[in-house]
Amino acid sequence: EAYRRYGELPILQENYPTFERYAAYLGSQAQGHIVSQGLGDWYDLGPKPAGFAQLTPVALTSTATYYRDLVTLSRISTVLRKPKKAEEYAALARQVKDAFNRKFFNLDTRNYSTGSQTADSMPLALGLAPDSERAALLKHLTQDIRSHGNAMTTGEVGFPAMLHVLRDADRPDVIFAMNSRTTAPGYGYILKKGATTLTESCTADRAG
């Protein structure tokens, strides 16, 4: 972010070895390019008390994040004039993308895994979803939001992805409907409860 906003190239140069070590660590934890460990979509909103992810498989969010990291590292390698490294990370990212879609895309329902808001948002936001499926996924996502009374069910990982998807799809109406709710969950409810900083949950029941 510092580089994108201010062109701070030394930040990329100094931290590049760390980026590579982290990517290598994630790769060492993967089986068939699928990473299955992590907290998942932390504090998503389902039938159980909020906390550990319950609506979306941990492997989906972790593998999607692994893919994003590889794509980002490939771009950083290009900026740092390391074309061989850039292609190596891009090639690995393509392998992860293929594995992700084989494992999580449901050919019958035309959405990802459980069909949760996070499950469909992350592939859309990160470029994992095939272009031919993007319209159907967006339709399913917006229908799911509406079916919950314009409420999110995402946790802390999935919510930013969902906002990016809705913004890019020119759906500020859906974003406004979600975030202006004065009943839980939503930012409007958090404000109504008197919070002056973000709470860990959009039900405003725990400080973040």
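Computation of the quantities below employed the complete heavy-atom set of this structure, encompassing side-chain atoms and omitting hydrogens, waters and symmetry-equivalent molecules.
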Q) Could you state the interatomic distance from NE2 (His148) to CD (Gln143), rounded to the nearest 0.5 Å? A) 13.0 Å
Q: Please test Arg110 against Leu137 for side chain to side chain contact (heavy atoms under 4.5 Å, CB included), starting from the C-alpha separation and ending with a verdict.
A: CA-CA 7 Å; Arg110 314 307 295 186; Leu137 287 165; over 6 Å; no
Q) Do Ser180 and Tyr187 have a side chain donor and acceptor closer than 3.5 Å? A) no
Q: Return the minimal non-hydrogen interatomic distance between Trp42 and Gly51, and the atom names on each side.
A: CE3-O, 3.3 Å
Q.
Ignoring hydrogens, what is the shortest heavy-atom contact between Tyr67 and Gly127? Give both atom names and the distance.
A. OH-O, 3.9 Å
Q: Output the distance between atom OH (Tyr43) and atom CD (Glu200), rounded to the nearest 0.5 Å.
A: 5.0 Å
Q.
Do Leu55 and Val58 land in one hydrophobic cluster if side-chain heavy atoms of ILVMFWY residues count as linked below 4.5 Å?
A. no
(Q) Whether the Asn150 and Arg146 side chains hold a donor-acceptor pair (N or O, under 3.5 Å, no angle test) is what I'd like checked. (A) yes
Q: Would you please test Glu133 and Asp131 for side chain to side chain contact (heavy atoms under 4.5 Å, CB included) and show each step?
A: CA-CA 5 Å; Glu133 303 295 339; Asp131 289 342; over 6 Å; no
(Q) Using every non-hydrogen atom in the two residues, find where Leu128 and Lys97 come nearest and quote the distance to one decimal. (A) O-CE, 3.5 Å
Q) Do you reckon Leu163 sits in the same ILVMFWY cluster as Phe176, going by side-chain contacts under 4.5 Å, direct or chained? A) no
Q: To the nearest 0.5 angstrom, please state how far the CG atom of Asp170 sits from the CD1 atom of Ile175.
A: 9.5 Å
Q | Single-linkage hydrophobic cluster, 4.5 Å side-chain cutoff, Tyr16 and Ile11 together | A | no
Q) Considering all heavy atoms of both residues, which atom of Ala161 and which atom of Ala125 are nearest to each other, and what is their separation? A) O-CB, 3.7 Å
Q. According to the interplanar angle, ranging from 0 to 90°, do the rings of Phe100 and Phe104 count as parallel (below 30°), tilted (30 to 60°) or perpendicular (above 60°)?
A. tilted
Q. Is the shortest heavy-atom distance from the side chain of Gln13 to the side chain of Leu9 under 4.5 Å?
A. yes
Q. Checking Thr199 side chain against Ala195 main chain: does a donor-acceptor pair fall under 3.5 Å?
A. no
Q) Given the side-chain rings of Tyr25 and Tyr66, with only the six-membered ring counted for Trp, is the space between their centroids under 6.0 Å? A) no
Q) Using 4.0 Å as the upper bound for N to carboxylate O, is an ion pair formed by Glu87 and Arg94? A) yes
Q | For His33 against Ala99, the heavy-atom pair lying closest together | A | CB-CB, 3.8 Å
(Q) Whether the Asp41 and Thr118 side chains hold a donor-acceptor pair (N or O, under 3.5 Å, no angle test) is what I'd like checked. (A) yes
Q.
Consider side chain to side chain contact (heavy atoms under 4.5 Å, CB included). Of Leu124, Asp120, Asn106, which one does Tyr112 pass it with?
A. Asp120
Q: For the residue pair Ser36 and Gln31, establish whether any side-chain heavy-atom pair is separated by less than 4.5 Å.
A: no
**Q.** Nearest-0.5 Å distance that lies between atom CD in Gln29 and atom OG1 in Thr63
**A.** 12.0 Å
Q. How many angstroms lie between CD1 in Ile145 and OG in Ser121, if you round to the nearest 0.5 Å?
A. 6.5 Å
(Q) Does this structure show an ion pair linking Asp173 with Arg167, if we count only N-O contacts that are shorter than 4.0 Å? (A) no
Q: List in chain and number order the residues that pass salt bridge (Lys or Arg N to Asp or Glu O under 4.0 Å) with Arg75, two or more places apart in sequence or in another chain; answer none if no residue qualifies.
A: none
**Q.** salt bridge (Lys or Arg N to Asp or Glu O under 4.0 Å) involving Arg102 - partner list, sequence neighbours excluded
**A.** none
Q: Applying side chain to side chain contact (heavy atoms under 4.5 Å, CB included), run through Val157 and Leu39 and close with a yes or a no.
A: CA-CA 9 Å; Val157 173; Leu39 292 175; over 6 Å; no
Q.
Using every non-hydrogen atom in the two residues, find where Asp44 and Ala53 come nearest and quote the distance to one decimal.
A. OD1-CA, 3.6 Å
Q. Are any side-chain N or O atoms of Ser62 and backbone N or O atoms of Ala59, one a donor and one an acceptor, separated by less than 3.5 Å?
A. no
Q) Any side-chain heavy atom of Tyr3 sitting closer than 4.5 Å to one from Leu12? A) yes
Q: Please check if Tyr89 and Tyr22 belong to a single hydrophobic cluster, counting links between Ile, Leu, Val, Met, Phe, Trp and Tyr side chain heavy atoms closer than 4.5 Å.
A: yes
**Q.** Gln117 and its side chain to side chain donor-acceptor pair (under 3.5 Å) partner, picked from Thr154, Thr56, Asp144
**A.** Asp144
Q | Flag side-chain contact, heavy atom, 4.5 Å: Pro57 against Thr114 | A | yes
**Q.** Interatomic distance, Leu73 atom CG to Arg68 atom CZ [nearest 0.5 angstrom]
**A.** 12.5 Å
(Q) Taking Leu70 as the starting point, is it possible to reach Val79 by hopping between hydrophobic residues whose side chains are less than 4.5 Å apart? (A) yes
Q) Does the pair Thr65 and Met122 meet the rule for a side chain to side chain contact (heavy atoms under 4.5 Å, CB included), with working shown? A) CA-CA 9 Å; Thr65 301; Met122 290 193 74; 4.0 Å; yes
Q. Short question: side chain of Thr182, backbone of Tyr189 - any donor-acceptor pair under 3.5 Å?
A. no
